[in-house]
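Quick notes on the structure that follows.
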Amino acid sequence: MTAEPLMRMRLRVEQDIFVVRQLGREVARTVGLESQDQTRMATALSEVGRVLLGLGRHAEVTFTVEAIGVPTLRVAMTHPARGDESRLAGQLQQVGRLVDTMEVDDGESGTVVRMARRLPAGAPRLTPERMDEIHAELARHVPGTPLDELAVQNQQLISALDEVRAQRDDLARLNAELEETNRGVMALYNQLSQELEETNRGVVALYAELDEKSAQLAAASEAKSRFLANVSHELRAPVTAIIGLGRLLTDSGSDELTTEQRRQVDLIRGSATDLLTLVNGLLDLAKAEAGRIEPTWSEVDLKAVFGQLRGTLRPLATRPEVDFMVEEPALPTLRSDEVLLAQVLRNLLTNALKFTEAGSVRLSVRRIADDAEFVVADTGYGIAPELQERIFEEFYQVPGSKPVSGKGTGLGLPYARRLAGILGGALRVDSTPGAGSTFTLRLPLAS
């Protein structure tokens with residue numbers, strides 16, 4: 001659809017430049033352009049008109065408006081000379097910044113400069129009624145004198161200067177606020193840097209202290225292991241001698257003892273045997289803590305291990321109230337250390353038999369993914385949740401729990417857990433007071 005013409009005029013002399021400037025500002029105002037855009041359009045028209053008149057002859061100016069689509073004010077300024085397209089495009093390059101689009105080309109009637117400015121979104125709709133009002137308003141427009149236009153230009157210049165001054169004041173205020181913010185940021189940065197340096201110094205000091213404590217703990221652990229090993233070795237000889245002497249006193253080839261003497265000798269032998277058990281446990285624990293136990297890896301026949309445990313521990317399960325069961329292993333073999341594995345299971349089963357008054361003690365094994373789980377379940381006293389980790393501490397025994405048979409040293413479970421770690425696995429307990437305990441040894445199938 002062709003844009004609807006609003007007005008036409010001809011530029012002949014320099015005074016017409018003032019007229020076209022006034023007319024451009026008036027047309028821009030009537031179609032709905034804002035004040036600044038009116039001034040930009042008027043300035044662009046006067047500058048293009050000055051350049052065209054400088055080429056000689058006259059120029060035709062046509063104002064049109066597009067009401068369909070994006071409302072746009074268009075101005076075409078035609079000069080009869082041809083071939084000036086390139087030169088005009090260079091001269092009017094800065095003028096193009098005042099409008100949305102500007103084109104210079106050769107038309108049928110000469111060189112044509114086309115300019116366009118889109119109407120703002122808030123401008124009145126260009127309905128047919130509104131177009132009639134615009135035509136009538138422009139028809140009543142009477143151009144002012146050059147002095148009038150000069151006054152208008154001065155007023156516009158003063159307004160622009162006031163606006164620039166206001167923007168400059170705003171910019172100065174923003175710069176002051178920015179400087180104040182920068183000073184605050186730098187102060188905060190310096191404070192945070194100092195706090196960070198102080199924290200780093202504290203962390204370094206803490207790490208140094210931790211390293212020192214770690215070295216002290218390692219030295220103390222090594223000293224404890226050496227002490228336990230040395231004491232165990234020193235105690236074994238006299239304790240073994242006491243047991244031997246007691247056996248000699250009660251031997252049939254020795255002199256006959258009175259009943260009281262025999263009872264006293266048996267008490268000595270029993271105490272020495274308990275002490276030897278404790279010494280052996282200390283020695284084993286010291287070896288495990290010192291890392292002196294090296295597993296010998298091989299294919300372990302679990303059926304043979306379970307059979308051996310069933311045979312050696314059967315004499316301890318003498319109470320008819322306790323059902324001692326070693327199930328047939330669901331796994332035929334696994335790669336581990338047979339001696340260490342049997343020792344862990346023996347400790348767990350012995351401990352379960354000691355603290356089970358009635359019910360059952362059961363050993364089983366099952367495969368879980370790439371691991372084997374050995375389960376020792378009993379129906380003994382059970383362990384409170386807050387004490388379930390403490391039972392793996394040396395010499396700790398659950399308060400109020402008394403072994404049904406034999407005596408406990410408090411070393412079996414700590415030793416069993418350390419052996420489990422040496423074998424590449426872990427030992428845990430699940431227990432309910434009064435209902436029993438379940439110890440689970442989880443080992444990898446392959447070492």
Side-chain angles (χ1 to χ4, degrees), residues 225 228-229 232-233 236 273-317 324-327 329 331 333-356 361-366 371-378 380 391-397 403 405-429 437-447:
S225 298
L228 291 176
S232 300
H233 278 295
R236 272 179 125 178
T273 302
D274 293 339
L275 183 57
L276 182 60
T277 302
L278 178 60
V279 168
N280 289 333
L282 286 173
L283 185 58
D284 291 339
L285 191 59
K287 288 181 179 179
E289 288 185 343
R292 296 175 183 172
I293 299 179
E294 292 290 339
T296 302
W297 303 107
S298 63
E299 291 296 326
V300 179
D301 185 354
L302 293 182
K303 186 174 182 180
V305 172
F306 276 35
Q308 181 186 13
L309 291 172
R310 188 185 297 110
T312 55
L313 296 177
R314 180 65 66 184
L316 298 179
F324 176 59
M325 293 173 287
V326 178
E327 298 180 355
L331 295 175
T333 62
L334 85 158
R335 187 165 181 79
S336 186
D337 185 303
E338 182 174 346
V339 175
L340 298 183
L341 174 60
Q343 200 164 1
V344 175
L345 297 178
R346 186 181 300 109
N347 282 359
L348 296 178
L349 290 170
T350 302
N351 196 67
L353 290 170
K354 284 182 181 179
F355 292 94
T356 302
V361 174
R362 182 189 302 268
L363 169 64
S364 61
V365 63
R366 60 188 176 183
D371 296 336
E373 276 196 353
F374 297 86
V375 180
V376 176
D378 65 63
I391 63 173
F392 294 103
E393 298 176 5
E394 290 86 348
F395 301 107
Y396 182 81
Q397 293 186 354
S405 62
K407 295 182 180 180
T409 62
L411 296 176
L413 290 178
Y415 183 56
R417 172 168 275 190
R418 282 178 172 80
L419 289 184
I422 292 173
L423 294 175
L427 176 63
R428 70 175 189 274
V429 62
S437 305
T438 300
F439 289 84
T440 304
L441 171 65
R442 185 158 185 164
L443 298 178
L445 290 174
S447 59

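Residue numbers start at 1 and run along the sequence shown.
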How long is the straight-line distance from CG of Leu349 back to CZ of Arg362, given to the nearest 0.5 Å? 12.0 Å
Between atom CD1 of Ile391 and atom OG of Ser437, what is the distance when rounded to the nearest 0.5 Å? 7.0 Å
In chain order, what residues pass the salt bridge (charged side-chain N to carboxylate O under 4.0 Å, His left out) check against Asp301, with sequence neighbours excluded?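 Listed in chain order: nothing, the list is empty.
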Who passes salt bridge (charged side-chain N to carboxylate O under 4.0 Å, His left out) against Glu373, sequence neighbours left out?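 So Glu373 forms a salt bridge (charged side-chain N to carboxylate O under 4.0 Å, His left out) with Arg366, Arg428, Arg442.
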Results of side chain to side chain donor-acceptor pair (under 3.5 Å) for Arg346 - residues two or more places apart only: none
For Gln308, all residues meeting side chain to side chain donor-acceptor pair (under 3.5 Å), sequence neighbours excluded: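 Counting only residues at least two positions away or on another chain, Gln308 forms no side chain to side chain donor-acceptor pair (under 3.5 Å).
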Parallel, tilted or perpendicular, judged at 30° and 60°: which one describes the rings of Phe392 and Phe439?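 Rings of Phe392 and Phe439: perpendicular, over 60°.
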Contact between [X] and [Y] at the side-chain level, heavy atoms closer than 4.5 Å - yes or no?
X	Y	result
Asp378	Thr438	no
Val339	Thr296	no
Leu427	Leu348	yes
Phe306	Val365	yes
Thr356	Phe324	no
Val326	Leu313	no
Phe374	Val305	no
Leu419	Ile422	yes

Which atoms form the tightest heavy-atom contact between [X] and [Y], and what is the distance?
X	Y	result
Val344	Ala420	CG2-N, 4.4 Å
Val376	Ala352	CG1-CB, 4.3 Å
Ser336	Leu341	OG-CB, 4.5 Å
Asp371	Pro444	OD1-CA, 3.4 Å

Quick test of your reading: applying salt bridge (Lys or Arg N to Asp or Glu O under 4.0 Å), list the pairs with at least one residue in residues 303-317, sequence neighbours left out, ordered by first then second residue. Arg310-Glu328
List the steps and the verdict of side chain to side chain contact (heavy atoms under 4.5 Å, CB included) for Leu331 and Leu445. CA-CA 10 Å; Leu331 295 175; Leu445 290 174; 3.9 Å; yes
Identify, with sequence neighbours excluded, every residue that meets side-chain contact (heavy atoms from CB on, under 4.5 Å) alongside Thr333.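 Counting only residues at least two positions away or on another chain, Thr333 forms a side-chain contact (heavy atoms from CB on, under 4.5 Å) with Glu299.
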